[in-house]
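Reckoned from all heavy atoms, side chains included, excluding hydrogens, waters and symmetry mates. In this text, all values refer to a predicted model and were calculated from it rather than measured experimentally.
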Amino acid sequence: AAEEDGAHRLVDQESAQKEQTQRRQEQLEAQKLTEGKEKERGRLALVEIKRVEEVQRLAKEMEKEPVRLALVESKKVEKARTVAKEKKRVLIMAEIEQAAEEDGARRLAETESAQKEKTHRQQEQREARRLAEEKEKELGRLALAEFERVKEARRLAK
């Protein structure tokens, strides 16, 4: 009976040991599953955090977009103003150059006209001198002829 009782105890002990080993195995598997689930939850939570951060980043960018667009539009307007100012400046410079050319042409015409007048006056003065010289010569001849006539008349009167 003691042997049987010992054998039963041994079987019970082995059975209890197997049961304990199986429970330990099940606990380890359950723990592994729990750890796996926790890792998966952690990974999913990390993915969700990254997704939320990306959404927040995009939201911030979208908030900045109207400002960026306004800045781009402002730059376009400023560029257009600069181009308009440059065109206006070029037109003004062209008008100034044209006015200068016209003024130069007018002055040249005035200079040419003044030169022609001067040349004409000089020609008139030369002509007047020539006429005066011719008159003086004629008067000189007439005076000489008168002198010769008076001389002849005195000689004849003697």
Look at [X] together with [Y] and state whether they make a salt bridge at an N to O cut-off of under 4.0 Å.
{"X": "R149", "Y": "E152", "value": "no"}
{"X": "R141", "Y": "E138", "value": "yes"}
{"X": "R23", "Y": "E19", "value": "yes"}
{"X": "E54", "Y": "R57", "value": "yes"}
{"X": "E86", "Y": "R89", "value": "yes"}

Are the side chain of T34 and the backbone N or O of A30 linked by a donor-acceptor pair below 3.5 Å?
yes
Count the heavy atoms belonging to other residues, nucleotides or ligands that lie under 6.0 Å from CD of E3, then report whether that count exceeds 12.
no
Over 12 non-hydrogen atoms of neighbours within 6.0 angstrom of CZ in R106
yes
Any side-chain heavy atom of K137 within less than 4.5 Å of one from E134?
no
Please step through side-chain contact (heavy atoms from CB on, under 4.5 Å) for the pair E78 and R81, ending with a clear verdict.
CA-CA 5 Å; E78 188 60 33; R81 282 185 185 147; 3.9 Å; yes
Taking side chain to side chain donor-acceptor pair (under 3.5 Å) as the criterion, tell me which of Q125, R129, R130 meets it with E127.
R130
When rounded to the nearest 0.5 angstrom, what is the spacing between [atom1] in [X] and [atom2] in [Y]?
{"X": "K39", "Y": "K32", "atom1": "NZ", "atom2": "NZ", "value": "11.0 Å"}
{"X": "T82", "Y": "K79", "atom1": "OG1", "atom2": "NZ", "value": "7.5 Å"}
{"X": "D12", "Y": "E14", "atom1": "CG", "atom2": "CD", "value": "10.0 Å"}
{"X": "E95", "Y": "L91", "atom1": "CD", "atom2": "CG", "value": "6.5 Å"}
{"X": "Q56", "Y": "I49", "atom1": "CD", "atom2": "CD1", "value": "10.5 Å"}
{"X": "H120", "Y": "E117", "atom1": "NE2", "atom2": "CD", "value": "9.0 Å"}

Please step through side-chain contact (heavy atoms from CB on, under 4.5 Å) for the pair E48 and R51, ending with a clear verdict.
CA-CA 5 Å; E48 183 64 18; R51 191 185 65 74; 2.6 Å; yes
Run Q13 and Q17 through side chain to side chain donor-acceptor pair (under 3.5 Å) and show every step you take.
CA-CA 6 Å; Q13 208 175 23; Q17 207 171 13; over 6 Å; no
